[in-house]
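Heads up: the structure comes next, in structure tokens.
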There are 2 protein chains.
Amino acid sequence: MDTTEILIKIRKIVRSINLESKKIEKEYGVSIPQVLCLHYLRDSVNFQAGQGEIRKFLNLNASTTSGIINRLETKGLVARLPKSGDRRVVTIALTSKGDTLMTNMPSLLHEKLEEKLGKQEDQAILEVQNSLELLVNILGIDELEAFPVIPEGE
Amino acid sequence: MDTTEILIKIRKIVRSINLESKKIEKEYGVSIPQVLCLHYLRDSVNFQAGQGEIRKFLNLNASTTSGIINRLETKGLVARLPKSGDRRVVTIALTSKGDTLMTNMPSLLHEKLEEKLGKQEDQAILEVQNSLELLVNILGIDELEAFPVIPEGE
DNA sequence: TCTATATAGTTTCTACAGGAACTATTTAAA
DNA sequence: TTTAAATAGTTCCTGTAGAAACTATATAGA
């Protein structure tokens with residue numbers, strides 16, 4: 001049985017996402033994780049959210065999230081604000097510059113996938129979802145299962 | 001339609017592979033890409049191969065491959081040898097230390113997946129493969145399609 | 001109150017990953 | 001033969017990713 005093939009395909013998918021990310025970064029100055037972060041802020045109340053909230057949404061490590069926010073901050077797309085009440089919490093706020101960028105950024109991988117996947121039969125889409133679910137379960141992502149998927153992705 | 005969910009699942013799979021890789025690295029001192037590299041050498045003639053050959057098999061950038069080999073070399077698991085004939089080519093050779101490590105390294109993600117996937121119905125496995133294939137095609141990994149998959153993975 | 005302990009983030013370190021620029025060698029062409 | 005182009009690798013730079021160690025703040029318990 002060819003699990004090697006499956007692993008190679010997963011590696012290919014990963015790689016294509018990375019390549020797309022670098023392409024987007026070159027064109028717009030922001031990578032996919034950065035875009036996802038800005039995207040989340042745009043959907044948040046007052047365009048603001050705590051680092052932890054973002055971290056949970058992106059399903060990333062705190063240090064990774066910190067780095068992403070650092071790069072966004074350097075570009076002026078995001079600002080770190082103090083939170084009254086709990087001074088441990090750093091509120092991340094979308095700047096108008098960040099908002100403008102998001103407005104002008106067209107079709108990401110996300111939307112490309114959406115478009116192309118839309119052309120597939122419903123049955124095929126269901127199979128893709130089931131297959132990925134199976135892989136997720138098989139690979140044993142138990143500790144992560146709890147993370148709250150905020151479905152307000154789009 | 002929920003492509004967001006699909007992307008999140010792919011990210012989860014990627015993440016679980018990374019986590020597994022770090023776990024393996026902590027336990028055995030070598031990561032999955034490094035193991036794949038050693039694995040390839042073990043299946044090569046005289047336990048040797050050119051960097052380019054490895055690069056094509058792993059489907060990675062030259063600089064990335066260079067880094068992986070560097071780390072393996074530092075650990076003494078691999079050695080860089082000159083190739084008579086073409087002095088641009090660097091032959092990568094598995095050392096006995098590397099060979100021994102591979103002999104003693106049990107059940108990788110690879111084999112875990114194999115084991116767990118073996119318990120699934122053939123139909124499910126087929127669906128997984130088809131789904132990944134579909135995603136690979138949708139994500140447009142055209143330039144990479146040509147890379148020669150040596151099926152001697154196991 | 002004083003002390004755990006838990007929580008929120010940051011910093012440092014390491015690995016993977018790719019692009020760009022570079023060196024060195026080989027091959028093709030003029 | 002000398003130049004031009006292709007090929008094989010390396011080095012440098014940046015980004016993603018996580019673990020470990022750390023700071024600072026908040027909360028619970030004695």
Side-chain angles (χ1 to χ4, degrees), chain A residues 11-37 49-56 58-75 78 80-92 141 143-144, chain B residues 10-37 49-56 58-75 80-92 141 143-144:
Chain A
R11 287 182 71 84
K12 272 191 179 186
I13 291 171
V14 172
R15 199 185 170 210
S16 79
I17 290 176
N18 282 340
L19 287 174
E20 186 69 20
S21 185
K22 305 228 163 164
K23 222 168 74 187
I24 289 170
E25 195 177 352
K26 209 174 168 186
E27 229 171 310
Y28 302 100
V30 282
S31 67
I32 285 182
Q34 289 169 30
V35 169
L36 289 175
C37 181
Q51 199 255 38
E53 218 182 308
I54 296 170
R55 193 180 73 224
K56 275 170 201 152
L58 295 179
N59 202 213
L60 294 173
N61 191 284
S63 60
T64 307
T65 313
S66 209
I68 291 168
I69 292 168
N70 276 343
R71 286 179 283 275
L72 287 172
E73 197 182 23
T74 306
K75 290 167 199 150
V78 129
R80 267 183 245 249
L81 309 177
K83 174 164 177 143
S84 57
D86 193 335
R87 288 200 298 176
R88 291 170 307 177
V89 179
V90 175
T91 301
I92 315 298
I141 319 175
E143 337 80 276
L144 311 174
Chain B
I10 292 175
R11 286 181 72 84
K12 272 193 179 184
I13 291 171
V14 172
R15 198 181 171 213
S16 79
I17 290 177
N18 282 339
L19 287 175
E20 186 69 21
S21 185
K22 304 227 163 163
K23 221 167 75 188
I24 289 171
E25 194 177 352
K26 208 174 171 186
E27 228 171 312
Y28 302 100
V30 282
S31 66
I32 287 182
Q34 287 170 29
V35 169
L36 289 175
C37 182
Q51 198 256 35
E53 218 181 308
I54 296 170
R55 192 180 74 223
K56 276 169 199 153
L58 295 179
N59 202 215
L60 294 174
N61 191 283
S63 61
T64 307
T65 313
S66 210
I68 291 168
I69 292 168
N70 277 343
R71 287 179 283 273
L72 287 172
E73 197 183 22
T74 305
K75 291 166 198 150
R80 268 183 244 249
L81 309 176
K83 175 168 177 138
S84 58
D86 192 336
R87 291 198 298 175
R88 291 170 307 178
V89 179
V90 175
T91 301
I92 314 298
I141 319 176
E143 336 81 274
L144 312 174

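Values below: all heavy atoms of this structure, side chains included; hydrogens, waters and symmetry mates excluded.
Among the protein residues, B:G85 comes within range of the sugar-phosphate backbone only, with heavy atoms under 4.0 Å from sugar or phosphate atoms but none that close to a base.
When side chains are defined from C-beta on, B:K22 does not count as touching B:K26, because their heavy atoms never get closer than 4.5 Å. Side chains of B:L58 and B:C37 form a contact here, defined as non-hydrogen atoms less than 4.5 Å apart.
The partner of C:dT26 is D:dA5, judged by Watson-Crick or G-U wobble contacts that both fall below 3.5 Å. When both distances must be under 3.5 Å, the Watson-Crick or G-U wobble mate of D:dT27 does not exist.
Regarding A:E73, its CD atom lies at a distance of 12 Å from the C1' atom of C:dG9, rounded to whole Å. Between A:I24 atom CD1 and D:dT14 atom C1' there is a gap of 17 Å when expressed in whole angstrom units. Atoms NZ (B:K56) and C1' (D:dG9) sit 13 Å apart, rounded to a whole Å. When rounded to the nearest whole Å, the span between CG of A:L19 and C1' of D:dT16 equals 14 Å. Look at NZ on B:K26: it is 8 Å from P on D:dA19, rounded to the nearest Å. Separating the CG atom of A:L58 from the P atom of D:dA17 is a distance of 8 Å, rounded to the nearest angstrom. When the C1' atom of D:dT27 is taken as reference, atom CG of A:D86 falls 10 Å away, rounded to whole Å. Nucleotide D:dG9 holds its C1' atom 12 Å from the CD1 atom of B:I54, rounded to whole Å.
Qualifying side-chain contact (heavy atoms from CB on, under 4.5 Å) partners for B:R80, counting only residues two or more places apart in sequence or in other chains: B:S66, B:I69, B:N70, B:E73, B:V90, B:I92. By the salt bridge (Lys or Arg N to Asp or Glu O under 4.0 Å) test, A:R87 is found to be paired with no residue, residues two or more places apart in sequence or in another chain being considered. By the side chain to side chain donor-acceptor pair (under 3.5 Å) test, A:S21 is found to be paired with no residue, residues two or more places apart in sequence or in another chain being considered. Residues passing the side chain to side chain donor-acceptor pair (under 3.5 Å) test with A:T91, sequence neighbours excluded: none. Every side-chain contact (heavy atoms from CB on, under 4.5 Å) that A:K75 has, sequence neighbours left out, goes to A:V30, A:Q34, A:R71, A:L77.
Separating the CD atom in B:Q51 from the NZ atom in B:K56 is a distance of 10.0 Å, to the nearest 0.5 Å. Here the CD1 atom belonging to A:I54 is positioned 8.0 Å from the OG1 atom belonging to A:T65, to the nearest 0.5 angstrom.
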Pick out the pairs of N or O atoms, protein on one side and nucleotides 22-24 of chain D on the other, that lie under 3.5 Å.
none

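Anti is the classification of C:dA6, since its glycosidic angle lies more than 90° from 0.
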Original post:
For nucleotides 10-16 of chain C, read 5' to 3', which letter fits each nucleotide if B means a protein heavy atom sits under 4.0 Å from the base, S means only the sugar-phosphate is that close, and - means neither?
Top reply: BB---SS

